[in-house]
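The figures that follow rest on heavy atoms only: side chains count, while hydrogens, waters and symmetry mates do not.
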There are 2 protein chains.
Amino acid sequence: MEKQEFDAFISKKGLKLTRERDEIVSEVLCCQGHFAPDELFVQLRSKGSKVSRASIYRTIPLLVESGLIAEVERTDKHAHYEKVSKNSHHDHMICTVCGRVIEFYSKPLERLQESLCKRENFKGVRHCLEIMGVCENCDG
Amino acid sequence: MEKQEFDAFISKKGLKLTRERDEIVSEVLCCQGHFAPDELFVQLRSKGSKVSRASIYRTIPLLVESGLIAEVERTDKHAHYEKVSKNSHHDHMICTVCGRVIEFYSKPLERLQESLCKRENFKGVRHCLEIMGVCENCDG
DNA sequence: AATGAAACTGAGACTCTGTCTCAATTATAT
DNA sequence: ATATAATTGAGACAGAGTCTCAGTTTCATT
Ligand SMILES: [Mn+2]
Ligand SMILES: [Mn+2]
Ligand SMILES: [Zn+2]
Ligand SMILES: [Zn+2]
């Protein structure tokens with residue numbers, strides 16, 4: 001389903017459809033939640049793929065550009081991504097103590113952003129809101 | 001002024017007031033805008049300080065914990081910090097066409113976030129909101 | 001002022017994330 | 001089938017940040 005869109009994106013850019021890209025896209029599409037590049041690498045290798053770390057790192061920017069994934073947090077000294085699917089938009093609260101991620105969605109928050117954009121004559125396309133703090137488990 | 005607060009924070013934690021911490025705090029307080037750990041290191045060394053990179057990296061978490069500085073963005077694969085002063089907070093709209101950055105502040109937006117945090121029993125400390133889109137100059 | 005325990009320091013080795021190089025391979029248009 | 005340009009894996013490399021350890025410094029207690 002979404003794989004075809006990525007293939008179309010690749011072809012349209014004059015790039016090539018390779019086994020490595022195919023394996024990476026498939027893995028991303030079937031995996032849930034947030035992931036780091038190296039986790040993707042380990043998962044693919046554990047499934048018998050011969051893909052290299054370099055190809056992972058090369059493919060990720062393409063996945064982002066195609067809209068299939070988005071960078072979500074850079075808490076831990078390395079990047080994290082997640083699958084983008086329609087109607088799944090949410091923002092994040094991230095506990096700086098335990099790393100727990102709370103996903104939340106607020107229609108009023110979205111609408112407020114829209115009106116702020118209108119005020120600046122800015123056409124908002126996407127946004128990333130991360131609230132850093134301490135979750136209830138860690139607040140002693 | 002703010003230095004005393006940091007000294008009090010250090011003493012209260014049972015830690016020690018050292019020349020190195022003193023030099024680092026002074027530099028942070030007098031420098032303007034965003035800074036990276038290594039920039040701090042280079043600046044101090046250029047002023048004759050013998051402080052080590054290790055001490056910079058050891059002291060930064062203390063500065064953050066004391067509330068004197070805050071991590072602002074992790075754009076470039078390394079952390080950036082800035083002095084915390086009241087009334088300086090703002091968020092960003094970023095034009096993906098021309099790169100223009102619009103800084104904005106909305107009290108209702110801040111309050112809405114606070115109430116969303118409360119709902120999750122999350123103690124929000126800081127946040128980062130970036131709205132990507134197209135500015136009025138580029139919207140044709 | 002002297003003592004001593006605990007905290008602190010610099011140097012540099014180390015880890016980890018991410019990038020780059022390059023020769024060999026592969027996809028795709030003709 | 002051929003030519004061309006994109007892609008690959010391996011591993012060297014780079015940069016940020018952490019850790020170790022032996023020697024030093026703070027500071028509360030005498
Ligand atoms: Mn998420
Ligand atoms: Mn804000
Ligand atoms: Zn937590
Ligand atoms: Zn613009």
For B:His92, check ring pair (Phe, Tyr, Trp, His ring centres under 6.0 Å) against everything at least two apart and list the hits.
B:His90

Taking five pairs at each terminus, the helix from C:dA1-D:dT30 to C:dT30-D:dA1 shows an axis bend, to 10°, of 30°

Atom pair distance, as rounded to whole Å: CG in B:Asp38 and P in D:dT18:
12 Å

Would you kindly check whether a donor in the side chain of A:Arg53 faces an acceptor in the base of C:dG18, or vice versa, at under 3.5 angstrom?
yes

Distance check needed: C:dT17 C1' versus A:Ile56 CD1, whole Å only.
14 Å

Does D:dT7 have OP1 or OP2 under 4.0 Å away from a side-chain N or O of A:Arg21?
yes

In this structure, how many angstroms lie between the C1' atom of D:dT7 and the NZ atom of A:Lys50, rounded?
18 Å

Could you tell me the separation between the NE2 atom of B:His78 and the C1' atom of C:dT19, rounded to a whole number of Å?
16 Å

Indicate, with yes or no, if B:Ile10 and B:Tyr57 share a hydrophobic cluster defined by side-chain heavy-atom contacts under 4.5 Å among Ile, Leu, Val, Met, Phe, Trp and Tyr.
no

Between B:Gly14 and B:Ser55, just flag the one whose closest nucleotide in DNA chain C comes earlier from the 5' side.
B:Gly14

Can you list every ring pair (Phe, Tyr, Trp, His ring centres under 6.0 Å) pair that touches residues 121-140 of chain A, not counting sequence neighbours?
A:His89-A:His127

D:dG17 phosphate, OP1 or OP2, under 4.0 Å from B:Tyr57 side-chain N/O:
yes

Got a list of protein N/O to nucleotides 26-28 of chain D N/O distances below 3.5 Å?
unit_1 : atom_1 : unit_2  : atom_2 : d
D:dT26 : O2     : B:Lys16 : NZ     : 2.5
D:dC27 : OP1    : B:Leu17 : N      : 3.0

Non-neighbouring partners of A:Asp7 that pass salt bridge (Lys or Arg N to Asp or Glu O under 4.0 Å), sequence neighbours left out
none

With A:Asp22, which residues qualify under side-chain contact (heavy atoms from CB on, under 4.5 Å), at least two apart?
A:Lys3, A:Ser26

For B:Glu103, I'd like to know if atom CD has over 12 heavy atoms of other residues, nucleotides or ligands within 6.0 Å.
yes

What are the atom names and distances for every N/O pair under 3.5 Å that joins the protein to nucleotides 19-23 of chain D?
unit_1 : atom_1 : unit_2  : atom_2 : d
D:dT20 : O4     : B:Arg58 : NH2    : 3.0

Residue pairs passing the ring pair (Phe, Tyr, Trp, His ring centres under 6.0 Å) test where at least one lies in residues 21-51 of chain B, sequence neighbours excluded
none

Write down the distance between NZ (B:Lys77) and P (D:dG15), rounded to a whole number of angstrom.
8 Å

Picking from D:dG9, C:dG18, D:dA16, the nucleotide nearest the side-chain atoms of A:Pro37 would be C:dG18

Would you please say whether a donor-acceptor pair under 3.5 Å links the side chains of B:Ser55 and B:Glu20?
no

Would you kindly give the CD1-to-C1' distance between A:Ile10 and C:dT28, to the nearest whole Å?
14 Å

With A:Ser49, the side chain to side chain donor-acceptor pair (under 3.5 Å) member among A:Glu23, A:Gln43, A:Arg19
A:Glu23

Under the side-chain contact (heavy atoms from CB on, under 4.5 Å) test, which residues partner B:Lys13, sequence neighbours left out?
B:Phe9, B:Leu15, B:Glu65

Interatomic distance, B:Phe35 CZ vs D:dA16 P [rounded to whole Å]
15 Å

With sequence neighbours excluded, what pairs up with B:Glu82 under the salt bridge (Lys or Arg N to Asp or Glu O under 4.0 Å) test?
none

Among residues 41-48 of chain B, which contact DNA chain C at a heavy-atom distance under 4.0 Å?
B:Arg45

Hydrophobic cluster identity match, A:Val51 and A:Leu17, side-chain contacts under 4.5 Å
yes

Grab the CD1-P distance between B:Ile60 and C:dC8 for me, whole Å please.
16 Å

For A:Ala36, enumerate each residue passing the side-chain contact (heavy atoms from CB on, under 4.5 Å) test, keeping only those at least two apart in sequence or located in another chain.
A:Glu39, A:His78, A:His80

Any ion pair linking A:Lys123 and B:Glu136 (charged N to carboxylate O, less than 4.0 Å)?
no

